[in-house]
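The sequence lines fix the lettering, A, B, ..., with proteins before strands; numbering per chain opens at 1.
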Amino acid sequence: MSITAIKGFNDLLPAESPIWQFIEQTARRVFTRFGFQEIRVPIVEKTELFCRSIGDTTDIVEKEMYTFTDKGGSSLTLRPEGTAGVMRALIEHKLYALDSINKLYYMGPMFRHERPQKGRYRQFHQIGAELTGAADPLVDAQVLLMVSRLFQELGLTEPQLQINSLGCPACRPAYREALIAFLAEHQDALCDDCRRRQSTNPLRALDCKVPGCVEATQGAPAMVEHLCAECDSHFSRVQEYLAAASVVYRLNPRMVRGLDYYTRTTFELVTGLLGSQSAVAAGGRYDGLVEQLGGPAVPGIGFALGVERVALLLGDRSFEQLPDLFIAVMGEPARIAGFTLQAALQDSGLRVEMDCEGKSLKSQMRRADKLKSRYCMVLGETELTAGSISLKTMTDGSQQQVRLEAREIAAAITGRCMK
RNA sequence: GUGGCCAUGGUGAAGAGGCCGAACACAUAUGACUGUGACUCAUACAUUCGAGGGUUCGAAUCCCUCUGGCCACCCCA
């Protein structure tokens, strides 16, 4: 048995890479427009960074991290998400001191040891953005606007933007108590998982998909109704700003996040097209995180999208890049001349292919057809002595005489392209 | 971590103990056509049915183990 890739780790083959490039290019363009700059941080960090940021009792930290001990004896972890590393870099390099506002984006692989399924892999890729230094609700709206513009430019209108507020350390504990009390009263109607969650992660019950639980929690208290005055005002203003920019969203009071650091505004882009993986992108505000990691009290907000999930939504959209010309050659002198011509035409920006296996003319023509080259030309003794070639349009089989000169051929090809 | 389904060539697959020396189609290669693709025709292309063991006179077909894949749960991007 030959060696295969590890479970949940995938190769991205040439057939798929154009979609990824499209996603990445679109993200860079939109982020740049909003003043974000790229940051590249390591994919391995000290384990403690993730324990302290994501939360010791979250599923990610408890059972999904790729953690190992290196030769020096320190515990290292393959990053399960991007925010922690970026915040570590922000603190380590004191970026917050260079400028009070930092707008950073990143893209790259993340690792979680989960059972793979559709839209979920052990190595997956995220594109994320983080804005630190501003607690103003306008910033929340700006980030949400950026997310919605990004998906608009990706050509995806289906995922719906949902927002919620998770409150802050001042108001969440009281809400949590109220919710636990409610769940205790209705526990007969809850599924086993939700009964267990009452103590560990009561908020999760609001997100349960079991019909009985959905019904039982209909009347459950919502965080948005238990926000302290500051959080409440913050959330209202976020929504005012969103309205001002005509950002379409839906308020989802039952939305819960899996990472501990989130405060106040949280959001998700939700789709129904990916089986049980409904979140295509998600994020929120994390005002206490930087301080929690040993930095100054710098507020922040950010989000990340799952590239694999976006690629699935984009589906089989074609991004094929086809050759402009195929040069079929006969004999060594023509082969050399063809190579010279190929070089010149490539320099002028055309995509040009030629035989590199010494095949028969028929085989070369078949290859030109298979590659879906728009034009094809044969170069042999006849053409070399005559100094002209016939340029064949593959779609209709028509041919035109063109002088054997790179400029003339390029002109004939691009001239027709422009029509 | 738990559960369900599945595993035949480059691809899609037929095949339910001997008729499989593994169908059919697509793809690929070569030729018909001593220098012009697409259509057509011909020829080639799985010492073998995920791996290992077992039942049997006989296994791709039945049993066990392992490995891998997909999907769902948990949770998440």
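- Looking only at distances, no side-chain donor or acceptor of A:Glu45 sits under 3.5 Å from a matching main-chain atom of A:Leu78.
- Remark: the backbone N or O of A:Gly288 is not paired with any side-chain donor or acceptor of A:Glu291 at under 3.5 angstrom.
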## Note on the structure
Each base of RNA chain B marked ( ) or [ ] if paired in-strand (Watson-Crick or G-U under 3.5 Å), | if paired to another strand and . if unpaired gives ((((((((.[[[..)..(.....]]].(((((.......))))).....[[[[[..)....]]]]])))))))....
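- A:Leu259 comes within 4.0 angstrom of the backbone, heavy atoms only, and of no base.
- Nearest nucleotide to the A:Lys392 side chain, out of B:U36, B:A72, B:A77: B:U36.
- Counting atom types as modelled, A:Lys7 pairs no side-chain N or O with a base atom of B:G69 as donor and acceptor under 3.5 Å.
- One finds a salt bridge joining A:Asp324 and A:Arg374 here, because a Lys/Arg side-chain nitrogen approaches an Asp/Glu carboxylate oxygen to under 4.0 Å.
- For A:Val378, whose side chain is taken as the heavy atoms from C-beta onward, the closest listed nucleotide among B:C71, B:A77, B:U36 is B:U36.
- As judged by a 4.0 angstrom heavy-atom cut-off over every strand, A:Gly283 is placed among residues making no nucleic acid contact.
- Between the P atom of B:A77 and the CH2 atom of A:Trp20 lies a distance of 16 Å, rounded to the nearest Å.
- Residue A:Gln117 places at least one side-chain N or O under 4.0 Å from the OP1 or OP2 atom of B:A72.
- Taking 4.0 angstrom as the limit, A:Arg257 places a side-chain polar atom (N or O) nearer than this to OP1 or OP2 of B:A77.
- Closest contact between the side chain of A:Arg115 and the listed nucleotides B:A77, B:U2, B:C71 involves B:U2.
- Residues from residues 362-370 of chain A placing a heavy atom under 4.0 Å of any atom in RNA chain B, listed by number, are A:Lys362, A:Ser363, A:Met365, A:Arg366, A:Asp369, A:Lys370.
- Annotation: B:G52 and B:C6 have their P atoms spaced 22 Å apart (nearest Å).
- The closest side-chain heavy-atom distance from A:Tyr241 to A:Gln142 is not below 4.5 Å.
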